[in-house]
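Residue numbers begin at 1 in each chain, while the letters A, B, ... track the order of the sequences.
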Amino acid sequence: MPLRLFNTLSGQVDELSPMDGKALRMYACGPTVYDYGHIGNFRTFLQIDVLRRTLALLSIPVRHVMNITDVDDKIICNAAEAGIPIAEYTAPFEQAFLEDLEVLGVERPEILARATEHIPRMVELIQKLSSAGAAYKTEDGSWYFRLASFPEYGKLSKKDLSGMEDGARVDLDEYEKDSARDFALWKAAKPGETSWDTAIGRGRPGWHIECSAMAMEYLGESFDLHAGGEDLMFPHHENEIAQSESVTHRPFARNWMHVRFLLVDGRKMSKSEGNFFTLRDLLLKGYKASAIRLALISVPYRHQLNFTFDGLTEATNAIDRLRTFRKRLTAPQAAFSAGSNPALQTAACKAQTDYIAALSNDLNTAEARAPIFELVRAANTALDQGQFFADDSDAILAVLASFDAVFDVIEDRDAEPTRRALEWAQKEGRMGDVAPELLASQALTDEAIDALVAERTLAKRQRNFARADQIRNEMAEKGIIIEDSKDGVRWKRK
RNA sequence: GCACCGGUGGUGAAGCGGCUAACACGCAGGUCUGCAAAACCUGUAUUCGCGGGUUCAAUUCCCGCCCGGUGCUCCA
């Protein structure tokens, strides 16, 4: 089944397939590593991960490049304030970013490209732009792109700039530009600032040029898909197109995917609103990595997502349902007799088909979830009625595996990220931000819990229900849920 | 101001010309249980922001209005 994806450039849903018939070549704008990533950043990377994984599910090979912007104004400024070289400043944030991606189950792109490691390619590109008459150098040694040389400018964001030429010249530093809208390719070195000595002068790259240079370096002059947050559409991506196509005279990326911003409690997330959250903030509040992942991917990428704590709780409970169900099939006691239930076999097939169809339809994750939950209910019912057999278990586990190939929330890997977040909080002196229930839960080792469970089981056998309930309640307060079942006692950390 | 997107139950959220308006969470009642939990069953929007229009038929298309968001500047 082909993947249909909304293409910002064409303004419609287009079929996405590798233009060279081999691997789908995609470039996704990565982070500027000057701080810890927040959930808004991660929604974008998570949705791109959904795309990657969906392509894999559809057996389309991918070559995915992501840049790491490790030089820009903010970085230079912050590093200077800290009195350290920029690389020393960015390294821990890059590390933290990659760890956070791992925590959220975001697959690593095939290629990670750091801006500072590709300066020569950028310089080359600027030289080519210069020979093509699309770039010029100003007196201070900076280079700008000449917008007037690229009539197609605005084709991505559907802006017609012809009417709005040259407004007031705002930035005094840029008084030498030919036109106010011309953007920087290369910024001349200022005293004391990080800079590179190159053929086009001493300075540092403008922001947009790195993506053009690195995308072409790893994917060629023309490739399949370029993705990023909606804010990047203009001017960043528009500028990339202008720079690249002015040199190659070929379409830069054929498809463009833009992920919408998220809202927090119905408002734009911002530090001043007090609704700004990093991944680490949420882990310390006791939310599981899987719940954060599910909450951030369950609303399709083209829709605004309103992020709330209630939403996280919902995601937590929904994942719980899936995990509990899967345990029902995989527990050692669950030995089903040979055979199959035809109705369930049909349901499993249908669920799989509907699931893939929904994802293929512009990555409709909300729609894709539905058939999985429907199948879970059908299977639970059959299980309760004793109409469930070994073949059904195999078929349904296969559907769940396919669900997890994209959603990746059933497999429980939540303990480690939480443990690491606590370690980090300790180191950063942020233990005050840790939810008390999380601390209480972490204080109980698995062994201690097993001992309490054993004590409770004994109390129950002696019909000392008061004591049994007391243990259960006390553990519940510490976030440990105990469940009795025919097959014995189960417990889990909330 | 200009441009774009959206307004569906208690909540989140699909559907976008005609099926009983998915799915999840929540809540209420029931089955099971020592009690719970899990699981299942039943109920939870006679209705899709408001007002017009097109159509045999509109939540779905068109127009107007109201409300929310976003972009036009660094930003995922």
Side-chain angles (χ1 to χ4, degrees), chain A residues 8 11 28-32 34-35 37-48 69 72-74 154 157-161 163-164 167 170-171 181 183 207 227-236 258-263 266-270 294-296 298-308 310-325 327-328 354 358 361 364-385 459-461 463-466 468-469 472-473 476 481-487 489-492:
Chain A
T8 311
C29 288
T32 302
Y34 67 94
D35 202 350
H38 60 253
I39 53 175
N41 295 311
F42 291 120
R43 150 120 133 142
T44 298
F45 298 120
L46 242 4
Q47 292 289 357
I48 291 168
T69 301
D72 88 324
D73 293 349
K74 220 168 309 186
S157 53
K158 321 283 184 250
K159 283 183 196 303
D160 181 9
L161 263 32
M164 41 194 344
V170 193
D171 191 337
R181 290 206 166 249
F183 58 88
W207 172 37
E230 63 168 333
D231 57 307
L232 298 182
M233 194 165 96
F234 183 89
H236 184 54
H258 290 100
V259 181
R260 286 210 74 179
F261 266 5
L262 61 68
L263 262 34
R267 322 236 99 243
K268 181 167 178 172
M269 180 168 71
S270 76
L294 187 64
L296 291 175
S298 286
V299 174
Y301 77 97
R302 277 214 286 153
H303 292 271
Q304 220 162 37
L305 158 73
N306 186 16
F307 181 90
T308 61
D310 284 350
L312 276 183
T313 303
E314 269 177 47
T316 306
N317 294 343
I319 290 170
D320 232 32
R321 177 171 168 81
L322 296 173
R323 287 181 181 172
T324 303
F325 170 70
K327 273 189 212 138
R328 217 177 160 184
D354 290 352
N361 178 23
N364 193 336
T365 45
E367 199 184 343
R369 282 173 48 151
I372 304 303
F373 283 96
E374 274 165 11
L375 181 63
V376 167
R377 192 189 323 110
N380 266 324
T381 302
L383 244 2
D384 284 358
Q385 296 171 343
K460 271 178 43 174
R461 202 168 295 140
R463 304 199 66 78
N464 182 358
F465 294 121
D469 289 353
R472 188 170 62 196
N473 292 338
I481 309 297
I482 297 186
E483 296 171 3
D484 297 332
S485 79
K486 293 199 283 294
D487 305 319
V489 184
R490 288 191 299 257
W491 64 264
K492 62 190 176 193

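A salt bridge is absent between Arg323(A) and Asp320(A); no separation between the charged side-chain nitrogens and carboxylate oxygens falls under 4.0 Å.
We find that CD of Glu483(A) is positioned 17 Å from P of C35(B), with the value rounded to whole Å. Rounded to an integer number of Å, the gap from Arg490(A) CZ to A36(B) P is 17 Å. Across the protein-nucleic acid pair, Phe325(A) atom CZ and A38(B) atom C1' stand 13 Å apart, rounded to whole Å. When the C1' atom of A39(B) is taken as reference, atom CZ of Arg323(A) falls 19 Å away, rounded to whole Å. Rounded to an integer number of Å, the gap from CE of Met233(A) to P of U73(B) is 13 Å. In this entry the distance linking NZ of Lys158(A) with P of C72(B) reads 17 Å, nearest Å. Between the CZ atom of Phe234(A) and the C1' atom of C2(B) there is a distance of 14 Å, rounded to whole Å. In this structure, CG of Leu305(A) is placed 12 Å from P of G12(B), rounded to the nearest angstrom.
Residue Gly266(A) is in sugar-phosphate contact alone, with no base atom involved, counting any heavy-atom pair closer than 4.0 Å across all strands shown. Using a 4.0 Å heavy-atom criterion, one finds that Thr324(A) contacts the sugar-phosphate atoms exclusively. Asp320(A) comes within contact range of no nucleotide atom at all, as no heavy-atom separation falls under 4.0 Å.
In this structure, Ile482(A) and Arg302(A) both approach RNA chain B, and ranking their closest nucleotides by distance from the 5' end singles out Arg302(A).
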Every protein N/O within reach of nucleotides 74-76 of chain B N/O, cut-off under 3.5 Å:
unit_1 : atom_1 : unit_2    : atom_2 : d
C75(B) : O3'    : Asp231(A) : OD2    : 3.4
A76(B) : O5'    : Asn41(A)  : OD1    : 3.3
A76(B) : O4'    : Asn41(A)  : OD1    : 3.0
A76(B) : O2'    : Thr44(A)  : OG1    : 3.2
A76(B) : O2'    : Gly229(A) : N      : 2.7
A76(B) : N1     : Leu262(A) : N      : 3.2
A76(B) : N3     : Gly40(A)  : O      : 2.7
A76(B) : N3     : Thr44(A)  : OG1    : 3.3

Identify all pairs in which a protein N or O lies below 3.5 Å from an N or O of nucleotides 32-34 of chain B, and state each distance.
unit_1 : atom_1 : unit_2    : atom_2 : d
G34(B) : N1     : Asp469(A) : OD1    : 3.0
G34(B) : N2     : Asp469(A) : OD2    : 2.6

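Spacing of P atoms, A21(B) relative to C16(B), comes out at 15 Å, to the nearest Å. Atom name C1', nucleotides C61(B) and G18(B): the rounded distance is 14 Å, in whole Å. Annotation: G52(B) and C41(B) have their P atoms spaced 42 Å apart (nearest Å). Look at the C1' atom in both C74(B) and A14(B): the space between them is 35 Å, to the nearest Å. Rounded to whole Å, the P atom of A13(B) lies 35 Å from the corresponding atom of U55(B). Here the separation of U59(B) from C40(B), taken at their C1' atoms, is 32 Å to the nearest Å. Rounded to the nearest Å, the gap between the C1' atom of C75(B) and that of U42(B) is 50 Å. A distance of about 31 Å separates the C1' atoms of G15(B) and A38(B), rounded to the whole Å.
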Base, backbone or nothing for each nucleotide of nucleotides 21-27 of chain B, written B, S, -, heavy atoms under 4.0 angstrom, 5' to 3'? -BSBSS-
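Dashed line: the shortest gap from a side-chain N or O of Asn306(A) to OP1 or OP2 of A13(B) is not under 4.0 Å.
A side-chain donor-acceptor contact under 3.5 Å links Glu230(A) to the backbone of Phe261(A). A donor-acceptor pair is defined here as one N or O able to donate and one able to accept, closer than 3.5 Å; no such pair exists between the side chain of Arg260(A) and the backbone of Pro300(A). The closest donor-acceptor contact from the side chain of Asn306(A) to the backbone of Gly266(A) lies under 3.5 Å.
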RNA chain B base-pair string [pairs: Watson-Crick or G-U under 3.5 Å; |: paired with another strand]: ((((((((.[[[..)..(....]]]((((((.......))))))....[[[[[..)....]]]]])))))))....
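Summarising the geometry, atom OG1 belonging to Thr365(A) is positioned 10.0 Å from atom CG belonging to Leu46(A); distances are rounded to the nearest 0.5 Å.
Judged as a ring-ring contact (aromatic ring centres under 6.0 Å, His included), and not counting sequence neighbours, Tyr34(A) has no contacts. In this structure Arg369(A) satisfies the salt bridge (Lys or Arg N to Asp or Glu O under 4.0 Å) test with no other residue, sequence neighbours excluded.
Residues Arg43(A) and Val299(A) share a closest heavy-atom pair of NH1-O, 3.2 Å. The shortest non-hydrogen separation linking Ala28(A) to Ile48(A) is CB-CD1, 3.9 Å. Of all non-hydrogen atoms in Leu296(A) and Gln47(A), the two that sit nearest each other are O-NE2, 3.2 Å. Nearest approach of Lys158(A) to Thr8(A), heavy atoms of both residues: NZ-O, 2.9 Å. In plain terms, the two heavy atoms of Arg490(A) and Ser485(A) that are nearest each other are NH1-OG, 4.0 Å. Closest non-hydrogen pair, Leu312(A) versus Ala295(A), comes out as CD2-CB, 3.8 Å.
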Apply side chain to side chain contact (heavy atoms under 4.5 Å, CB included) to Thr381(A) and Asp384(A), showing your working. CA-CA 5 Å; Thr381(A) 302; Asp384(A) 284 358; 5.8 Å; no
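Between Arg321(A) and Thr324(A), every side-chain heavy-atom pair lies at or beyond the 4.5 Å cut-off.
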